[in-house]
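Data block below; observations after.
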Amino acid sequence: MRQLWRGAAIATMDGTSPWGWMADGALLAEDGRIVWVGPADAVPADARNDEVIDLHGGVLLPGLVDAHTHLVYGGDRAAEFERRLQGISYEQIAREGGGIRATVSATRSATDEDLLHGALRRARALRAEGVTTLEIKSGYGLTEADEARCLRVARAVGAATGQTVRTTALPAHALPPEYAGRADDYIDAVCTWLPRWQAEGLVDAVDAFCERIAFSPAQVERVFEVARALGLPVKLHAEQLSDSGGAALAARFGALSADHLEWLSDEGIAAMAAAGTVAVLLPGAFHFLRETKLPPIERLRAAGVPIAVATDHNPGSSPTLSPLLMIHLACTLLRLTPEEAVAGMTREGARALGLADRGTLQPGQRADLAHFDIDHPRTLAYAFGQRPTCRTWVAGRETA
């Protein structure tokens, strides 16, 4: 089937000109793939259209890509938020058994139905602000069975919402209480779980948390060796609270992305640039934890490291479900330009997931589209909290 979208401005986000801007554009797709995009007065004369979608103004963009979320979990951590406002640090709470381990307890106690209900609500909230592709990490089960069921729930989210969901195994997220004092033993267990999850078709990538309150570079390397042997790409939570050398380690394994990066060193930047590893900035966590150490944006730019932006939705450090607010905070807190921030949730977000078929509006790309009732995409960065009306299509099919 052929479809023609018209009656709106278009921002292709292809990087060849500012915004890839067309004040009056049109887009033609066939069987879910873009076959032509250009000025409305230049639609091919012989184009046969089975469906015409008149957008009546607004801006058509690539569907947003949220390349870092933790949508599947039980409970919340509002009480911890209150404690942090009273002066208790995130690190101290984690060392006291709160933090990630508190969510692990709630997740293990939740039924599959409860986990799916919560994750669907969250995914639909992201879709309402234009997200057509998202990554969902595990990391709140920390047993073979609980991590696997979280990954199964993540798969079910995509089937229910129409969004593309990429699943990332993150068992090396925190040390579960039953392994207290035995981190190496836990990593041994993780390394046996990954092949079984892959055999079940549950895993698209592997992640870990490399930090002084989580796992050492040597422990992460063992997990990444298994992932490499399985042919699974890797990602890494790196340099959030300290410089652990995680970004350079991730780059050595050809990681799709290194995420957070507030304490990223020049050596880490150089390694990421050489490997083509995407820097995923998470302004929600930066804001929520009241961090003051900025990621090295200017040095990332100078090195040519691609920069993505994601929500990092999770119950402990970024409970937001607003990708548009993250675009705004990426500008106001982290000093990206509006175009960089929107590119970070389209073109570069897709790159951070290893997906070359979306994130821009170009022939050959999948027709994943987001239409916003705005005059220009810079408004997505400017008008924080306003949530413009949005319609989305995945492979040419409008989502409910």
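Just so it is clear, the values below take in all heavy atoms, side chains as well, and ignore hydrogens, waters and symmetry mates.
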What pairs of residues pass the salt bridge (charged side-chain N to carboxylate O under 4.0 Å, His left out) test when at least one of them lies in residues 244-272, not counting sequence neighbours?
E221-R252, D266-R299
Using a 3.5 Å distance criterion without hydrogens, assess whether the side chain of Y186 forms a donor-acceptor pair with backbone atoms of P171.
yes
A side-chain contact here means heavy atoms from C-beta on lying under 4.5 Å apart; do L71 and L134 qualify?
yes
Using atom types as modelled, flag every donor-acceptor pair under 3.5 Å from a side chain in residues 392-400 to any protein atom, sequence neighbours excluded.
unit_1 : atom_1 : unit_2 : atom_2 : d
T392   : OG1    : T399   : OG1    : 2.4
E398   : OE1    : R391   : NH2    : 3.1
E398   : OE2    : R391   : NE     : 2.8
E398   : OE2    : R391   : NH2    : 3.4
T399   : OG1    : T392   : O      : 3.4

Ignoring hydrogens and angles, tell me if any N or O in the side chain of T192 forms a donor-acceptor pair with the backbone of A189 under 3.5 Å.
yes
List the steps and the verdict of side-chain hydrogen bond (donor to acceptor under 3.5 Å, both in side chains) for H237 and H173.
CA-CA 9 Å; H237 289 59; H173 194 198; 4.7 Å; no
Sorted by chain and residue number, the salt bridge (charged side-chain N to carboxylate O under 4.0 Å, His left out) partners of D184 (sequence neighbours excluded) come out as R222
Is it true that T164 and R366 share a donor-acceptor pair across their side chains at a distance under 3.5 Å?
yes
Enumerate the ring-ring contact (aromatic ring centres under 6.0 Å, His included) contacts for residues 297-343, please, sequence neighbours excluded, ordered by first and then second residue.
Y73-H313, H328-F384
Using the test side-chain contact (heavy atoms from CB on, under 4.5 Å), find all partners of R182 that sit at least two apart in sequence or belong to another chain.
Y179, D185
Using 4.0 Å as the upper bound for N to carboxylate O, is an ion pair formed by R335 and E298?
no
Does the pair R83/E96 count as a salt bridge with the N-to-O cut at 4.0 Å?
yes
Tabulate below the donor-acceptor pairs under 3.5 Å that side-chain atoms of residues 343-356 make, not counting sequence neighbours, or state none.
unit_1 : atom_1 : unit_2 : atom_2 : d
T346   : OG1    : V342   : O      : 2.9
T346   : OG1    : A343   : O      : 3.4
R347   : NH1    : M13    : O      : 2.8
E348   : OE1    : R351   : NE     : 3.4

Only counting residues at least two apart or in another chain, list the ones meeting ring-ring contact (aromatic ring centres under 6.0 Å, His included) with W263.
none
Just checking W19 against H376, ring centres under 6.0 Å apart?
yes
Do NZ/NE/NH1/NH2 and the carboxylate oxygens of R155 and D204 come within less than 4.0 Å?
yes
Hydrophobic cluster identity match, L236 and V234, side-chain contacts under 4.5 Å
yes
Distance from S317 atom OG to Q240 atom CD, nearest 0.5 Å?
6.0 Å
Please check this pair: side chain of R33 against backbone of G364, looking for a donor-acceptor N/O pair closer than 3.5 Å.
yes
So does T311 get a backbone contact from the side chain of S318, meaning a donor-acceptor N/O pair under 3.5 Å?
yes
In Å, rounded to the nearest 0.5 Å, how long is the span from CZ of R301 to OG1 of T337?
6.5 Å
Any side-chain donor-acceptor pair under 3.5 Å between T143 and R108?
no
List the residues meeting side-chain contact (heavy atoms from CB on, under 4.5 Å) with L120, not counting sequence neighbours, and say none if there are none.
L116, R124, V157, A160, T161
If the condition is salt bridge (charged side-chain N to carboxylate O under 4.0 Å, His left out), which residues does R149 pass it with, not counting sequence neighbours?
D112, D146
As an exercise, state the distance from CG of L175 to CD1 of I187, rounded to the nearest 0.5 Å.
8.5 Å
With sequence neighbours left out, the residues meeting side-chain hydrogen bond (donor to acceptor under 3.5 Å, both in side chains) with S242 are E211, S244
Other residues, nucleotides, ligands: >12 heavy atoms within 6.0 Å of R6 CZ
no
So CG of L256 and OG1 of T277: to nearest 0.5 Å the spacing works out to 8.0 Å
Determine, using the 4.5 Å side-chain heavy-atom cutoff (strictly less than), whether L324 and L60 are members of one ILVMFWY cluster.
no
Residue set satisfying side-chain hydrogen bond (donor to acceptor under 3.5 Å, both in side chains) with R77, at least two apart, ordered chain then number -> E80, T103
Is the backbone of R358 close enough, under 3.5 Å, to the side chain of Q365 for a donor and an acceptor to pair up by distance?
yes
ring-ring contact (aromatic ring centres under 6.0 Å, His included): pairs with one or both residues in residues 275-304, sequence neighbours excluded:
F81-F288
Give a yes or no on whether the backbone of L142 and the side-chain of E147 come within a donor-acceptor separation of less than 3.5 Å.
yes
